[in-house]
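Please read these numbers as outputs of a predicted model, since none were measured by experiment.
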Amino acid sequence: MAKTNKNYLSGKEIRAITRENKKVMKRLEAYKYRKADESEYLTQMKDDNNILEIDELNTYFFTEQGVVKAVNGVSFDVPQNATVGVVGESGCGKSVTSMSVMRLLQGPTGQIYSGEIRFKSKDKSGDEKIFDIAKMPIADIHKIRGNQIAMIFQEPMTSLNPVFTIGQQLDEVTFIHNPAASKEDAKAKSIEMLNLVGIAMPERVYNSFPHELSGGMRQRVMISMALASDPRLIIADEPTTALDVTIQAQILDLLRDLKDKIDGSILLITHDLGIIAEMADYVVVMYAGKVIEKGTVEEIFHNPMHPYTIGLQKSKPTLNSDSDTLYNIPGNVPNPINMPTHCYFKERCSNCTEKCSGDYPQMIQVSPTHFVACHLYDEEKK
């Protein structure tokens, strides 16, 4: 009997997968667009010191080849007045996690399948409410998106509309979140925000088009747009990508100063360990859609425990290295459609044991703030 190719799906199998996916997507889309009373998505924080709690979040993409589990049981917290850095190689689920928090997933294929995203919201009168963002209908998400939670996107040239001036795009943020504002009020707010991010000639930038500004200036405009509604949480998705080193330093200094000015928190997503070391108070390391280690920045950099975290740090070039070649972690990330039941890093790990072929390792607490998901530390826990 001829062997079947595991990498090949027949037309019959694809049709079966598509039928099953349609059922699930229809159910999730109906839930997303339902009319719901606010009481349905009000909840409580597990720790009142946190502004955001992500608990067992599962975000899937439904394709004809199967279900891509881009975010697979992710859990971490963002404390108030802190910067949490999420780090990992491309495709590990960092940006999809941030898009899930903002509810910007492209449906119907991209869906929050399960889990909780608890956010501590505060309205203009100072009243606090805890919303489960994962359960909020799309019609109600405007209560917090862009208002309480703002996002700085990765590439400002593609995020800014090339046919509108900077002023028009900044004013729009004010009009959306404050419909009663006049044109004069909106312009005054926009100029104030441009001043806040350190733009020397705000009037000139206000009347400019995006292509007339440098990359650093466009990124500052994106930051000012995110701050226009006085958010409590800023999600910065690789905010220094495609910027030269000098501008990167300026943007990072700006974010650090702004966090203190707005008395808010930052969720910083990047693959650059140098930025994490400089900016973050806490670090979350992701691999193949899962959190494999988390702790304070000192714990992650001075006492990394997961072999993947150690490999990431080895792969960063240093001036005092004796080798003339860059270190790289061998092997490849497993197929996101058919993920194994054992540790996802098993095939690339040099410290692999027999236990690594068993069930996926549970998160082990090694200190009050340090957690790692690795079988190497099972015995130490016992």
Check ion pair [X]-[Y] (N to O, under 4.0 angstrom):
{"X": "Glu299", "Y": "Lys294", "value": "no"}
{"X": "Glu38", "Y": "Lys129", "value": "yes"}
{"X": "Glu53", "Y": "Lys120", "value": "no"}
{"X": "Lys187", "Y": "Glu203", "value": "yes"}
{"X": "Lys32", "Y": "Glu29", "value": "yes"}

Is it the case that Asp171 and Tyr206 place a side-chain donor and acceptor less than 3.5 Å from each other?
-> yes
Donor-acceptor side-chain pairing of Glu64 and Thr18 below 3.5 angstrom | no
Within 6.0 angstrom of Asp47 CG, more than 12 heavy atoms from elsewhere =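 Above 12, so yes.
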Aromatic ring proximity Tyr344/Tyr287, centre distance under 6.0 Å | no
Could you tell me whether Lys135 sits above the aromatic face of Tyr41, with NZ or CZ closer than 6.0 angstrom to the six-membered ring centre and within 45 degrees of the axis?
-> no
When you measure from the centre of the six-membered ring of Tyr360, is the NZ or CZ of Lys290 under 6.0 Å away and within 45° of the axis?
->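 Judged by the rule (NZ or CZ under 6.0 Å from the ring centre, within 45° of its axis), Lys290 counts as positioned above Tyr360.
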Rounding to 0.5 Å, atoms CZ (Arg118) and CG (Leu52) come to a distance of 9.5 Å
If a pair satisfies side-chain hydrogen bond (donor to acceptor under 3.5 Å, both in side chains) and one of its residues is in residues 269-284, list it, with sequence neighbours excluded.
-> Glu238-His271, Arg256-Glu278
